[in-house]
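The structure appears below as structure tokens.
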Amino acid sequence: QVQLVESGGGLVQAGGSLRLSCAASGRTFSSYALAWFRQAPGKEREFVAAIRWSGGLTYYADSVKGRFTISRDNAKNTVYLEMNSLEAEDTAVYFCAASPDWVGTSEEYAYWGQGTQVTVSS
């Protein structure tokens, strides 16, 4: 079992930055694929970014490419999402997810956090 706890959300003005963190506990973290998803009010949850276990390969939704960066620190059992040039459209609850297998951009991740709210004011 893997437990995931997100933090770092909050209110920020458009053009600003935030860094989300997701701390994992439980099984061996370093072998898991990790991802961030988000869900805006009235919309379905959508993929944001993912990183393979080695940290060498990353994937991004087109809407955040060039603005967001996913990274991981296996020694700290933590995955990060650095968000820059935030837009009102980035307002959502952000979830981190983990999987022992690579499932890419799909929602087939085995473990999910509870989410952290990010609100971008225009």
Side-chain angles (χ1 to χ4, degrees):
Q1 192 74 9
V2 173
Q3 292 80 41
L4 304 172
V5 179
E6 302 96 336
S7 62
L11 175 64
V12 63
Q13 288 188 333
S17 299
L18 279 177
R19 187 175 81 157
L20 304 183
S21 300
C22 175
S25 61
R27 293 181 179 269
T28 304
F29 177 81
S30 61
S31 63
Y32 277 60
L34 302 166
W36 288 94
F37 288 76
R38 68 185 181 185
Q39 187 168 21
K43 295 186 177 180
E44 294 186 352
R45 188 163 57 188
E46 64 176 2
F47 169 79
V48 174
I51 187 167
R52 287 187 179 258
W53 68 270
S54 65
L57 292 176
T58 56
Y59 303 83
Y60 297 94
D62 288 342
S63 59
V64 306
K65 202 171 294 183
R67 300 188 298 121
F68 291 11
T69 302
I70 187 171
S71 62
R72 65 191 295 166
D73 185 337
N74 288 338
K76 296 182 178 180
N77 281 1
T78 301
V79 60
Y80 304 98
L81 185 68
E82 184 75 35
M83 306 186 294
N84 298 314
S85 302
L86 282 162
E87 304 167 352
E89 292 73 23
D90 297 316
T91 295
V93 177
Y94 284 71
F95 301 88
C96 68
S99 173
D101 303 308
W102 176 245
V103 295
T105 63
S106 77
E107 293 200 18
E108 296 178 4
Y109 286 80
Y111 305 103
W112 292 82
Q114 293 300 306
T116 185
Q117 176 70 48
V118 171
T119 303
V120 183
S121 63
S122 57

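Along the sequence shown, residues are numbered consecutively beginning with 1. As the structure is a computational prediction, the values presented were derived from the model and not from experiment.
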Quick one, [X] and [Y] - any side-chain contact, counting heavy atoms below 4.5 Å?
| X | Y | result |
| --- | --- | --- |
| Gln13 | Leu86 | no |
| Tyr60 | Thr105 | no |
| Ser21 | Lys76 | no |
| Asp101 | Glu108 | no |
| Leu81 | Met83 | yes |

Around Glu87, counting heavy atoms of other residues, nucleotides and ligands shown, do more than 12 lie under 6.0 Å from its CD? yes
If you count every heavy atom of other residues, nucleotides or ligands that lies below 6.0 Å from Lys65 atom NZ, does the total exceed 12? yes
Are the side chain of [X] and the backbone N or O of [Y] linked by a donor-acceptor pair below 3.5 Å?
| X | Y | value |
| --- | --- | --- |
| Glu6 | Gln114 | yes |
| Tyr109 | Trp102 | no |
| Arg52 | Leu57 | no |
| Thr91 | Val120 | yes |

Atom pair [atom1]/[atom2] of [X] and [Y] - distance to nearest 0.5 Å:
| X | Y | atom1 | atom2 | value |
| --- | --- | --- | --- | --- |
| Arg19 | Ser71 | CZ | OG | 7.0 Å |
| Phe68 | Leu18 | CZ | CG | 9.0 Å |
| Arg72 | Ile51 | CZ | CD1 | 6.0 Å |
| Glu44 | Arg38 | CD | CZ | 14.0 Å |
| Ile70 | Glu82 | CD1 | CD | 12.0 Å |

Leu34 with Val64, same ILVMFWY side-chain cluster at under 4.5 Å: yes
Is it the case that one hydrophobic cluster holds both Val12 and Trp36, taking links as side-chain heavy atoms less than 4.5 Å apart, direct or via other members? yes
For [X] and [Y], which heavy atoms make the closest approach, and how far apart are they?
| X | Y | answer |
| --- | --- | --- |
| Cys22 | Leu4 | SG-CB, 3.8 Å |
| Asn84 | Ser17 | OD1-OG, 2.8 Å |
| Ser122 | Ala88 | CB-CB, 4.2 Å |
| Pro100 | Ala110 | CD-CB, 4.2 Å |
| Asp90 | Ser85 | OD2-O, 4.4 Å |

Only one of Tyr94, Phe95, Trp112 passes ring-ring contact (aromatic ring centres under 6.0 Å, His included) with Phe37, and that residue is Trp112
